[in-house]
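See structure below.
Predicted model, so just to flag it, every value in this text is computed and none were measured.
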Amino acid sequence: MFDVLIIGGGVAGVSCALIMGSAKSKPFAIDKKIGIIAHQKTSALQDALFNNAYGIKPGKLGLELLTETLDQLSETYPHVIQIHTEKVLSVEGEYPSFTIVTNKNSYTTKTIVVAIGSANTFDIDGLLQFVQPHAKALVEKQRIQLRNTDHKVADGIYVAGTLAGLRSQLAIAAGSGAAVATDILSLWNGGIDVQIHDSTR
């Protein structure tokens, strides 16, 4: 049983995993099992080139970021379980016991973060009832989002990145994933707000 399982290995998903992983030493997170289904095949980063993203050297390729950020996650927070080469087919159950079925396995989790793209090919059974047209994308692109209030879709289900109805910018997607992580960490902390920062002091 995972405490949280993140679906998607792009910007929002890995950002969420990095923040959650960094909370490992906190009393409210020390015993939590965190995982990420790091599917990247449909990530918008596949053909991205970054010249205008904060903290990223101009000319950085999205394909490089996809690999480098998962390496960073595994090296810095190895307790976050990475699941590769699996695609999510369905979500079953309700909070606090969901079953995520992939093309190879099934996993149980208390909380889900859906952090895949906003393409209208979205086909995760059990979440289709939350699909609606994307509020901030050009109509002709036929993008979709999951209906949510401040990233929360339903009890135990969160959405991050463009699928949350946000614009397709790396900084926005990363911030969205981080916001979801701190929301979940705050719940684990008994409702007391959490921010996770490292410091040289």
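- The minimum heavy-atom distance linking Ala160 with Val113 is given by the pair CB-CG1, 4.4 Å.
- The closest side-chain heavy-atom distance from Leu63 to Gln46 is below 4.5 Å.
- Side-chain contact between Ile83 and Leu5 is present, with at least one heavy-atom pair separated by less than 4.5 Å.
- Judged by the 6.0 Å and 45° rule, Lys33 forms a cation-pi pair with Phe2.
- Under the 4.5 Å side-chain contact rule for hydrophobic residues, Leu166 and Leu163 do not share a cluster.
- Under the 4.5 Å side-chain contact rule for hydrophobic residues, Leu128 and Ile116 share a cluster.
- Under the 4.5 Å side-chain criterion, counting only non-hydrogen atoms from C-beta, His151 is in contact with Ser176.
- Within the 4.5 Å cutoff, side-chain heavy atoms of Leu73 are placed close to those of Ile36.
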Pair Ile100-Ile7, side chain to side chain contact (heavy atoms under 4.5 Å, CB included): steps then yes or no: CA-CA 9 Å; Ile100 295 179; Ile7 302 172; 4.0 Å; yes
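- At least one donor-acceptor pair closer than 3.5 Å links the side chain of Asn148 to the backbone N or O of Ala164.
- In the hydrophobic cluster analysis, where Ile, Leu, Val, Met, Phe, Trp and Tyr join through side-chain heavy atoms closer than 4.5 angstrom, Ile124 is grouped apart from Val101.
- Inter-residue side-chain proximity for Val153 and Tyr158 is flagged as unmet; no heavy-atom pair is nearer than 4.5 Å.
- From Leu45, atom CG reaches atom CG of Leu61 across 10.0 Å, with rounding to the nearest 0.5 Å.
- Within the 4.5 Å cutoff, the side chain of Glu94 has no heavy atoms near those of the Asp155 side chain.
- At a cut-off of 3.5 Å, with distance as the only test, no side-chain donor of Glu92 or Thr99 sits close to an acceptor on the other residue.
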Would Lys141 and Ser118 satisfy side chain to side chain contact (heavy atoms under 4.5 Å, CB included), going step by step from the backbone distance to the final call? CA-CA 10 Å; Lys141 289 196 172 185; Ser118 56; over 6 Å; no
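- Rounded to the nearest 0.5 angstrom, Leu170 CG and Ile172 CD1 are separated by 9.5 Å.
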Apply side chain to side chain contact (heavy atoms under 4.5 Å, CB included) to residues Leu89 and Thr102 and explain how you reach the verdict. CA-CA 5 Å; Leu89 303 177; Thr102 74; 5.6 Å; no
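- Taking CZ of Phe122 as the start and CZ of Arg143 as the end, the distance is 14.0 Å to the nearest 0.5 Å.
- Here the shortest heavy-atom pairing between Ala154 and Phe130 reads CB-CZ, 4.2 Å.
- Contact record, Leu185 with Val194: O-CG2, 3.8 Å, taken as the closest heavy-atom pair.
- The OG atom of Ser25 sits 7.0 Å away from atom CD1 of Ile30, with the distance rounded to the nearest 0.5 Å.
- Residues Ala29 and Ala23 share a closest heavy-atom pair of CB-O, 3.3 Å.
- Side-chain atoms of Gln142 do not come within 3.5 Å of backbone N or O of Val139 as any donor-acceptor pair.
- Without hydrogens or angle criteria, Asn189 side chain to Leu187 main chain gives no donor-acceptor distance under 3.5 Å.
- Here Arg167 contributes atom CZ and Lys136 contributes atom NZ; the two are 5.0 Å apart, rounded to the nearest 0.5 Å.
- In the hydrophobic clustering of this structure, Val11 groups with Ile56; members are Ile, Leu, Val, Met, Phe, Trp, Tyr whose side-chain heavy atoms approach within less than 4.5 Å, directly or through other members.
- Annotation: side chain of Leu18 is not in contact with side chain of Val80 (no heavy-atom distance under 4.5 Å).
- In this pair, Tyr95 and Phe98 present their aromatic rings tilted. The plane angle is within the 30 to 60° band.
- Lys60 and Glu68 are joined by a salt bridge, as a carboxylate oxygen and a charged side-chain nitrogen come within less than 4.0 angstrom of each other.
- A donor and an acceptor atom, one from each side chain of His84 and Gln82, are located under 3.5 Å apart.
- Side chain of His79 to backbone of Lys32: no donor-acceptor contact under 3.5 angstrom is found.
- Residues Leu66 and Gly10 share a closest heavy-atom pair of CD2-CA, 4.2 Å.
- Between the side chains of Asn105 and Glu86, at least one donor N or O lies within less than 3.5 Å of an accepting N or O.
- The shortest distance between side-chain heavy atoms of Trp188 and Val4 falls below 4.5 Å.
- Remark: the Lys104 side chain and the Thr85 side chain contain an N/O donor-acceptor pair separated by less than 3.5 Å.
- What you find for Met20 and Ala181 is that their closest heavy atoms are CG-CB, 3.5 Å.
- Here NZ of Lys57 is found 12.0 Å from CG of Asn51. Values are rounded to the nearest 0.5 Å.
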Decide yes or no on side chain to side chain contact (heavy atoms under 4.5 Å, CB included) for Ile192 and Phe28, but give the supporting numbers first. CA-CA 11 Å; Ile192 300 171; Phe28 56 81; over 6 Å; no
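- Around the NZ atom of Lys24, the shell of radius 6.0 Å holds more than 12 heavy atoms that belong to other residues, nucleotides or ligands.
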